[in-house]
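Chain letters run A, B, ... following the sequence lines, proteins first and then strands; every chain starts at 1.
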Amino acid sequence: MPILLFAEHDNTALSDQTAKALTAALKIGGDIDILVAGNNDLDGVAQASAKLSGIRTVLVAKSDALENQLAENAAELIVSLSGEYDTILAPATANGKNIMPRVAALLDVMQISEVMDVVDADTFKRPIYAGNAVEVVQTTDATKVMTIRTSSFAATEDGTSTAEIKNVDDHASDAGKSSFVENILSQNDRPELGSAKIIVSGGRALGSEEKFKAVMTPLADKLGAAVGASRAAVDAGYAPNDLQVGQTGKVVAPDLYIACGISGAIQHLAGMKDSKIIVAINTDEDAPIFQVADYGIVADLFDVLPELEGQL
Amino acid sequence: MKVLVPVKRVVDYNVKIRVKADGTGVDLANVKMSMNPFDEIAVEEAVRLKENGQADEIVAVSIGPAQAQETLRTALAMGADRAILITVDGVTEPLSVAKILAGVVKDEEPGLVILGKQAIDDDANQTGQMLSALLGWSQATFASKLELGSDSAKVTREVDGGLQAINISLPAIVTADLRLNEPRYASLPNIMKAKKKPLETKTPDDFGVTIASRLRVIRVEEPPVRQAGVKVATVAELADKLKNEAGVI
Ligand SMILES: Cc1cc2nc3c(=O)[nH]c(=O)nc-3n(C[C@H](O)[C@H](O)[C@H](O)COP(=O)(O)OP(=O)(O)OC[C@H]3O[C@@H](n4cnc5c(N)ncnc54)[C@H](O)[C@@H]3O)c2cc1C
Ligand SMILES: Nc1ncnc2c1ncn2[C@@H]1O[C@H](COP(=O)(O)O)[C@@H](O)[C@H]1O
């Protein structure tokens, strides 16, 4: 029962989200091919994909039409290659969430969103209601299309042999429905939220973009941590949208999550409650965040953060 | 241009739901229901397009139980012109919803459909993308800015590394993210007026769609519960616990 895994990358580097989704694919079982779709400079990503453990073949589609992962073009590509696969999956990244439901509809199947556990080849666990319930679903569709919640799976190590790389450029085409204008990406030389071991996360209490930077950055630098934010902090412009942690932002599970001036709304908890150790810094001793925190301190974050940084 | 806005009736976002003890589902008896928050954002965006003179009619549509009328009345009070309720009891999966919406689109011929990016009950994040695929239209998901032209639109999307701007040809599907706008509250006079706006009722049969679930829910489980830990009195104590007890730094 062959599986097709759609790789997440930026045309230059393979994202470790792919290796995490691969772990889910290995748990389902079967021959696994990986599809790398992008621009003409994809060789590095293809070679990195070939090294992943348990991959049979790397399918590489290079085309201008695929450079920016436009959903219409990427979905057509996947559908044109779908014939021999009974499972098609992608990490639940912005790209995966954008493209895979389109693939599912074209194949007339339901997508299984944000799979967090594989029970057997047809049965999966997924979160509903902001993770306040977990649904165990069994699919009746001939082709299974799904996105994988990568915070629930460890990345695979590289394998010992190298998979064959096969060119499938002739499957690429431009649907002509949409076109790329520009990326306005956040400048960030810190670890990514999805792979960081430590996350320092700030909420509305930070008060301004300047203060957010001034108190969060030194601690994050000291810890080699990624920086996260609540929706309130992002809405207010203290932090860019790609830092939002939660039900509708990024879902993270680091070893240590330090929530600073975050109340702990269910939508925020949905994105971080699987962290190994949670620290809460909040002036309100009744803030719900304390109910999930391993260590809480009822104090002003503007005092605590500099002091903590000094003690590390 | 006509704008179609699908709105879903869901558990209010403030409600902390409970899993039924027998694992058959989530206890929804007597809980507050509201319009899916992302759909409020979608309605607001459509209303602003109308206020700017870029849209001339807004049609709100919901697939759900008879009570979804209330959700549609909310959309009407916010500024939608008329509403369509497709009555269905029980669960509807995004694929069925998308098929019904594709039927509504064929009847109504809108230039733009704005959906929420995600329903906060099933957390599926699929319906807009599926509808777009079924219609063979362009799609712009997770929109934080929409600039509408006459035959195309520029949409800024929230993506993993920041923002991405794309141009989509019309007709198109857009799904709303949190920062697209801040939805208005309906005023009392508008709530009264909304009661008189047209609301048509249909069934899936009218669109030739049979509701059949593709995913069988075997059981619904409680997620692992975290226990509250300890409160520390000083930063020194916190640093010590992190180093020596938890061993995470
Ligand atoms: C559809 C929908 C989706 C959503 N998705 C998300 C999501 O993905 N992620 C998310 O985070 N939210 C999300 N939300 C929003 C969520 O409901 C909350 O509104 C949000 O998380 C609150 O952010 P906050 O904790 O920073 O702000 P607040 O709730 O205002 O909390 C601020 C906290 O800071 C404390 N404080 C104040 N001053 C200090 C100080 N000097 N030192 C220490 N503590 C201080 C206060 O006691 C308070 O607890 C969503 C909401 C909806 C409706
Ligand atoms: N039953 C429904 N009735 C109307 N609109 C719906 C329905 N289900 C989903 N939608 C729309 O599709 C969006 C995404 O839903 P979902 O794919 O279920 O996460 C929602 O925000 C709504 O705009």
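- Interface residue Leu223(A): only side-chain heavy atoms are found under 4.5 Å from chain B.
- With values rounded to the nearest 0.5 angstrom, Ile166(B) atom CD1 is found 13.5 Å from Lys177(A) atom NZ.
- At a 4.5 Å heavy-atom cutoff, the contact between Arg231(A) and chain B is made by backbone and side-chain atoms alike.
- Here the closest non-hydrogen pair linking Ala104(A) and Met130(B) is CB-CE, 3.8 Å.
- Contacts of Gln244(A) with chain B are made by side-chain atoms alone, with heavy-atom separations under 4.5 Å and no backbone atom involved.
- Taking every heavy atom of both residues into account, Asn241(A) and Gly162(B) meet most closely at ND2-O, 3.0 Å.
- With a 4.5 angstrom heavy-atom cutoff, Ile297(A) touches chain B via backbone and side-chain atoms both.
- No more than 12 heavy atoms of other residues, nucleotides or ligands shown are found within 6.0 angstrom of CZ on Arg18(B).
- For Val232(B), the parts sitting under 4.5 Å from any heavy atom of chain A are the backbone and the side chain alike.
- Contact annotation for Pro127(A): only backbone heavy atoms (N, CA, C, O) come within less than 4.5 Å of a heavy atom of chain B.
- For the 3.5 Å distance criterion, the side chains of Asn98(A) and Gln129(B) fail to qualify, holding no donor opposite an acceptor.
- Looking at heavy atoms from C-beta onward, Leu95(B) lies out of side-chain contact with Gln111(A) at the 4.5 angstrom threshold.
- Counting non-hydrogen atoms of neighbouring residues, nucleotides and ligands closer than 6.0 angstrom, the NZ atom of Lys2(B) exceeds 12 such neighbours.
- Salt bridge present: Lys125(A) and Glu221(B) bring a charged side-chain N and a carboxylate O closer than 4.0 Å.
- Looking only at side-chain heavy atoms (C-beta outward), Thr248(A) and Leu178(B) come within less than 4.5 Å of each other.
- In this structure, chain B has no heavy atom under 4.5 Å from any part of Thr147(A).
- Across Asp122(B), Asn125(B), Asn14(B), Val225(B), the residue that shares the most heavy-atom pairs under 4.5 angstrom with chain A is Asp122(B).
- Of the charged side-chain nitrogens involved, at least one lies within less than 4.0 Å of a carboxylate oxygen, so that Asp108(A) and Arg214(B) count as a salt-bridged pair.
- Residue Asp160(B) holds its CG atom at 8.5 Å from OG of Ser15(A), rounded to the nearest 0.5 Å.
- Here the closest non-hydrogen pair linking Gln126(B) and Ser113(A) is NE2-OG, 2.8 Å.
- Top candidate by heavy-atom pairs under 4.5 Å with chain A, chosen from Val217(B), Asp121(B), Val19(B), is Asp121(B).
- The part of Lys250(A) that comes within reach of chain B is its side chain, from C-beta onward, which places non-hydrogen atoms under 4.5 angstrom from that chain.
- When every heavy atom of Gln164(B) is checked against every heavy atom of Asn183(A), the shortest pair comes out as CG-OD1, 3.3 Å.
- Heavy atoms of Glu182(B) lying under 4.5 Å from chain A are absent altogether.
- Atoms OG1 and NZ, from Thr175(B) and Lys97(A) in turn, are 11.0 Å apart once rounded to the nearest 0.5 Å.
- Taking NZ of Lys222(A) as the reference point, atom CD1 of Ile249(B) lies at 10.5 Å (rounded to 0.5 Å).
- Residue contact with chain A, scored on non-hydrogen atoms closer than 4.5 Å, involves the backbone and the side chain of Val248(B) alike.
- Within the 4.5 Å cutoff, side-chain heavy atoms of Lys273(A) are placed close to those of Pro223(B).
- Contacts of Arg219(B) with chain A are made by both backbone and side-chain atoms, with heavy-atom separations under 4.5 Å.
- We find that Asp294(A) and Lys241(B) are not joined by a salt bridge, their nearest charged nitrogen and carboxylate oxygen being 4.0 Å or further apart.
- Heavy atoms of Asn68(A) lying under 4.5 Å from chain B belong to its backbone as well as its side chain.
- Proximity to chain A (any heavy atom under 4.5 Å) is restricted, for Arg157(B), to the side chain, taken from C-beta onward.
- Interface remark: Ala293(A) contributes backbone atoms only to the contact with chain B (heavy atom separation under 4.5 Å).
- Considering only heavy atoms from C-beta on, Gln247(A) comes within 4.5 Å of Ile120(B) through its side chain.
- Heavy atoms closer than 4.5 Å to chain B are found nowhere in Leu193(A), neither backbone nor side chain.
- Tyr129(A) places a side-chain heavy atom less than 4.5 Å from the side chain of Val11(B).
- For the pair Arg226(B) and Asp274(A), the tightest heavy-atom approach, listed with the atom from each and the gap, is NH1-C, 4.2 Å.
- For the pair Ser178(A) and Ile168(B), the tightest heavy-atom approach, listed with the atom from each and the gap, is CB-CG2, 3.6 Å.
- Comparing Ala92(A), Pro240(A), Ala133(A) by how many heavy-atom pairs each has under 4.5 Å with chain B, the most go to Ala133(A).
- With a threshold of 4.5 angstrom between heavy atoms, Ser96(B) does not approach chain A through any atom at all.
- Contacts between Ala98(B) and chain A at a heavy-atom distance below 4.5 Å are absent for every atom of the residue.
- No side-chain donor-acceptor contact under 3.5 Å links Glu237(B) and Tyr295(A).
- Residues Gln267(A) and Tyr13(B) are in side-chain contact: their nearest non-hydrogen atoms beyond the backbone lie under 4.5 Å apart.
- Using a 4.5 Å cut-off between heavy atoms, Ile198(A) contacts chain B through its side chain alone, with no backbone atom that close.
- With a 4.5 Å cut-off on non-hydrogen atoms, Ala119(B) does not touch chain A at all.
- With values rounded to the nearest 0.5 angstrom, Ile99(A) atom CD1 is found 8.5 Å from Gln139(B) atom CD.
- In the displayed structure, Lys20(B) atom NZ is contacted under 6.0 Å by more than 12 heavy atoms of other residues, nucleotides or ligands.
- Here the side chains of Val279(A) and Leu238(B) are in contact, with some heavy-atom distance below 4.5 Å.
- With rounding to the nearest 0.5 angstrom, the CG atom of Leu215(B) is 7.5 Å from the CD atom of Glu135(A).
- A 4.5 Å side-chain heavy-atom check between Val137(A) and Arg216(B) finds every atom pair outside the cut-off.
- Checked by atom type, the side-chain pair Ser138(B)/Glu72(A) shows no donor-acceptor distance below 3.5 Å.
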